[in-house]
Amino acid sequence: MSSENGRNLRPLSLHVPEPKFRPGDAVDFNDFDIPPAGAVARPAIDADPSAMAGHAYALVRVLDEEGRAVGPWDPKLSPERLIRMLRHMALTRAYDDRMYRAQRQGKTSFYMKCTGEEATAIGAAHALDRDDMVFPSYRQQGILIARDWPLIDMMNQVYSNKGDRLKGRQMPIMYSAKGASFFSISGNLATQYPQAVGFAMASAAKGDTRIAAAWCGEGSTAEGDFHSACTFASVYRAPVILNVINNQWAISSFSGFAGAEATTFAARAIGYGIAGLRVDGNDTLAVYAATEWAAERARNNYGPTLIEHFTYRAEGHSTSDDPTKYRSAEENVKWPLGDPIARLKQHLIAIGAWDEDRHAAMDKEVAEEVRAAQKESEKLGILHDGLKQPFDSMFEDVFEEMPWHLKEQLAQMTAERKAAGI
Ligand SMILES: Cc1ncc(C[n+]2csc(CCOP(=O)(O)OP(=O)(O)O)c2C)c(N)n1
């Protein structure tokens with residue numbers, strides 16, 4: 001009550017964001033203004049962040065409605081490169097479909113798809129050098145696929161089987177692949193952000209030439225780690241690319257709860273003095289071009305870039321989630337920026353480098369590739385057919401050398417198992 005000072009104010013009220021559409025609602029994106037492809041300028045790679053603040057509110061788009069590549073951001077890639085990216089996206093989708101089904105069949109405990117977001121990992125991975133260090137979230141399996149990492153190794157991790165290099169210690173999909181410069185995935189959101197900046201700082205401090213790139217969802221930008229990462233990246237001009245995948249949902253929370261009603265996620269960059277770009281995340285060429293720009297900027301010591309990839313999480317959050325409980329089923333169908341695979345396919349057809357028959361043949365090939373890898377991986381074990389790793393191994397690697405108290409626990413376990421006859 002502020003009556004003491006004699007003022008007659010209305011009571012305060014709290015704003016609680018509400019998504020536009022809930023289950024059963026008709027979805028209408030007519031008021032969603034799609035900026036035309038090719039309309040955003042491409043700054044010089046050494047541009048002062050303060051001079052490119054407008055880019056944080058725009059949307060870099062290359063592919064137009066007819067599938068033509070237009071404007072200053074067209075990366076002018078060869079048809080061979082475009083076909084490789086298309087194939088990596090198709091392979092990622094086929095892999096996701098197969099592993100999702102494996103979870104439904106009880107062969108693994110958990111899975112997460114990246115359907116609709118394939119371009120944000122694969123477009124970016126193609127624009128980076130293969131040994132640039134990537135710090136992904138759990139939804140960038142496309143990077144491993146773009147780096148031609150063996151599917152069977154990914155599946156072995158999902159199945160926690162005999163072939164699992166992580167020895168069954170991690171939840172499915174929390175991959176780790178040093179050989180692909182792919183940092184170990186952690187379940188704790190956004191922790192990889194300051195770690196990526198630290199890697200980039202170390203690279204610069206050592207006079208190396210590798211850069212780093214991190215990914216997180218728009219929901220994860222609400223974590224404190226996001227802000228620490230931006231501060232360190234800005235202060236030390238770390239050679240890092242900070243990708244925010246704005247797929248508009250963080251499980252059942254729409255992006256408004258992470259701040260999307262007030263501003264864009266790319267605009268977070270402005271306050272830190274970091275270059276910020278906002279791109280159409282379903283446009284593989286725009287993702288490639290933005291990453292290429294940011295990579296060149298980082299490599300030439302002009303500092304970090306924050307890229308918001310505007311996209312849509314086309315399916316459930318994970319195999320434990322049912323999105324029909326909190327959002328309209330029409331959203332995915334009506335999402336105006338389309339599907340990244342369909343759009344790159346349309347472009348390849350438009351330039352005469354592709355056709356429906358080749359596309360159908362590719363889909364068959366990638367499905368077969370996934371099926372064959374699955375068959376091999378399942379020979380090494382699936383859920384519910386016993387432990388696949390030696391019992392002792394669960395005490396290893398906690399520390400580099402096993403300390404006395406872990407040795408004691410190991411001995412106790414061994415004795416109890418022996419006494420129980422197992
Ligand atoms: C520190 C922390 N808090 C909460 C969770 C639980 N959690 C897992 S995924 C998720 C949503 C993340 O959403 P977003 O960052 O938008 O990424 P998306 O899943 O959409 O790719 C939450 C809250 C967690 N894993 N870690």
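Because the structure is a prediction, the values reported are computed rather than measured. For ligands, and for the atoms within them, numbers begin at 1 and follow the listed sequence.
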What about the rings of Tyr175 and Trp149, do their centers lie closer together than 6.0 Å?
no
Shell of residues surrounding ligand 1, defined by a 4.0 angstrom heavy-atom cut-off that is strict:
Tyr138, Arg139, Gly187, Asn188, Leu189, Gly217, Glu218, Gly219, Ser220, Glu223, Asn247, Trp249, Ala250, Ile251, His317
Salt-bridge contact Glu296-Arg299 (side-chain N to carboxylate O under 4.0 Å)
no
In a table with atom names and distances, give each donor-acceptor pair under 3.5 Å that connects a side chain of residues 29-47 to protein atoms at least two apart or in another chain.
from, atom 1, to, atom 2, distance (Å)
Asn30, ND2, Asp28, OD1, 3.2
Asp31, OD2, Lys20, NZ, 3.0

Got a donor-acceptor contact below 3.5 angstrom from the Thr108 side chain to the Val158 backbone?
yes
Determine, using ring centers only, whether Phe399 and Trp404 are less than 6.0 Å apart.
no
Check for a donor-acceptor pair, side chain of Arg130 on one end and backbone N or O of Arg147 on the other, with a separation under 3.5 Å.
yes
